[in-house]
Amino acid sequence: MRAETGRRAGLRWLTIAATALLVGLILVGETGATWKRREDKTKCPKVKGIRNFDISEFLGSWYIVQYYASSEEALAYRCMRAELSVSPENAEVTMNFTYSFTDDPINELLVGNITWKIPSSDLPAHWVHAEFPYEGVYNTYVLDSDYKSWALLMHCAEKSKSPRYLSSFIMSREASLGANVISYLREKLPRYDIDLEYMFPMDQKHCNKTENSEDILLPAFVSTKKSTSRRHPLKRKHRRQ
């Protein structure tokens with residue numbers, strides 16, 4: 001009887017220990033889940049740009065074929081294209097844009113630009129916004145590119161007491177890009193908290209052309225459409241009021 005009682009007691013303690021271990025694992029899981037839900041959404045994620053980046057090969061004309069912005073749940077733009085240049089004197093990258101709004105019945109072409117500084121010559125795929133109307137930090141990273149056909153850019157801005165702003169471009173030297181390449185580039189984005197459900201294809205068909213070359217030299221935030229109050233895609237949420 002005593003031996004039997006000892007076995008039962010041992011089994012009871014094993015059951016209690018197993019239950020305690022299970023409860024501990026559940027609590028750890030719940031704690032981890034809670035930590036993820038409480039992630040600081042005001043700070044940019046840690047991002048590494050492309051290694052051995054050759055900025056001279058990256059310059060020139062690009063079509064934006066897919067577009068994401070954390071502040072937008074629908075695509076407001078079409079025919080977005082970019083021309084990149086660099087100033088070797090002050091280590092600045094300038095991106096001139098042309099684009100139209102999807103709800104514009106005449107598809108009028110708008111223009112804008114944005115300029116970044118390259119803070120470190122050792123990290124040429126990381127740029128920091130260089131213009132004064134921004135508060136806080138605006139980072140841009142070249143995540144990947146083969147230079148000749150496709151590229152992936154990511155932008156992240158931090159502004160005091162505001163959620164971070166994330167945006168991303170899948171870019172192509174041609175008006176379209178193969179589905180396999182797009183899929184390959186999209187897979188790189190969720191790790192940076194980019195929701196692919198809101199990564200939209202950019203229509204590049206039936207796009208008007210700006211006939212006046214002087215339009216491209218307009219100052220930032222200025223467009224050829226004087227009647228609209230809407231801002232340039234990369235500047236809508238961060239212009240000083």
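Side-chain atoms are counted along with the backbone in the values below, which use heavy atoms only and exclude waters and symmetry mates.
Side-chain rings of F169 and H155 approach one another, their centers coming within less than 6.0 Å.
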Trace of the side chain to side chain contact (heavy atoms under 4.5 Å, CB included) decision for V93 with L84: CA-CA 7 Å; V93 180; L84 283 96; 4.1 Å; yes
How far apart are the C-alpha atoms of D144 and Y184, what are their side-chain angles, what is the distance that settles it, and do they pass the side chain to side chain contact (heavy atoms under 4.5 Å, CB included) test? CA-CA 10 Å; D144 204 352; Y184 164 74; 2.9 Å; yes
Could you walk me through whether F53 and I55 satisfy the side chain to side chain contact (heavy atoms under 4.5 Å, CB included) test, starting with their C-alpha distance in whole Å, then the side-chain angles of each, then the deciding distance to 0.1 Å, before giving a yes or no? CA-CA 6 Å; F53 179 61; I55 194 168; 3.7 Å; yes
Go through the steps for L185 and W150 under the test side chain to side chain contact (heavy atoms under 4.5 Å, CB included), then give the verdict. CA-CA 9 Å; L185 296 174; W150 50 263; 3.7 Å; yes
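Here the closest non-hydrogen pair linking N107 and C207 is ND2-CA, 3.9 Å. Of all the heavy atoms in L153 and M95, the pair that sits closest is CD2-CE, 3.7 Å. Of all the heavy atoms in L196 and P190, the pair that sits closest is CD1-CG, 3.8 Å. Considering every non-hydrogen atom in both Y141 and H126, the closest pair reads CE2-CD2, 3.4 Å. Closest heavy-atom contact between V47 and L143: CG1-CD2, 3.4 Å.
To the nearest 0.5 Å, atoms CG (D193) and OG (S70) are separated by 9.0 Å. Annotation: the span from C44 atom SG to M154 atom CE amounts to 7.0 Å, rounded to 0.5 Å. Here the CE atom belonging to M199 is positioned 9.5 Å from the OG atom belonging to S167, to the nearest 0.5 angstrom. Between the CZ atom of F97 and the SG atom of C79 there is a distance of 14.0 Å, given to the nearest 0.5 Å. A distance of 4.0 Å separates CH2 in W62 from OG in S145, rounded to the nearest 0.5 Å. The structure places SG of C156 at 11.5 Å from OH of Y192, a figure rounded to the nearest 0.5 Å.
Between the side chain of T115 and the backbone N or O of T94, no donor-acceptor pair lies under 3.5 Å.
Counting only heavy atoms from C-beta outward, the side chains of P45 and R164 approach each other to under 4.5 Å. Side-chain contact between M202 and Y77 is present, with heavy atoms from C-beta onward closer than 4.5 Å. Annotation: side chain of W116 is not in contact with side chain of V128 (no heavy-atom distance under 4.5 Å). Contact check for Y68 versus F200: no side-chain heavy atoms found under the 4.5 Å cut-off.
Results of the side-chain contact (heavy atoms from CB on, under 4.5 Å) test with Q66 over L152, I182, L189 single out I182 as the only residue that passes.
The disulfide (SG to SG under 2.5 Å) pairs that include a residue from residues 163-195 number zero, where partners must be two or more places apart or lie in different chains. Here side-chain hydrogen bond (donor to acceptor under 3.5 Å, both in side chains) pairs that include residues 45-55, with residues two or more places apart or in two chains, are D54-S56.
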Kindly list each side-chain donor-acceptor pair under 3.5 angstrom involving residues 170-177, sequence neighbours excluded, with atom names and distances?
from: S172; atom 1: OG; to: E174; atom 2: N; distance (Å): 3.1
from: S172; atom 1: OG; to: E174; atom 2: O; distance (Å): 2.9
from: S172; atom 1: OG; to: S176; atom 2: O; distance (Å): 3.2
from: R173; atom 1: NE; to: Y147; atom 2: O; distance (Å): 2.9
from: R173; atom 1: NH1; to: L59; atom 2: O; distance (Å): 3.3
from: R173; atom 1: NH1; to: S61; atom 2: O; distance (Å): 2.9
from: R173; atom 1: NH2; to: E57; atom 2: O; distance (Å): 3.1
from: R173; atom 1: NH2; to: F58; atom 2: O; distance (Å): 3.4
from: R173; atom 1: NH2; to: L59; atom 2: O; distance (Å): 3.2
from: R173; atom 1: NH2; to: Y147; atom 2: O; distance (Å): 3.0

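Applying the side chain to side chain donor-acceptor pair (under 3.5 Å) criterion to D203, with sequence neighbours excluded, gives R78. Partners of E73 by side chain to side chain donor-acceptor pair (under 3.5 Å), not counting sequence neighbours: none found. In this structure E83 satisfies the salt bridge (charged side-chain N to carboxylate O under 4.0 Å, His left out) test with no other residue, sequence neighbours excluded.
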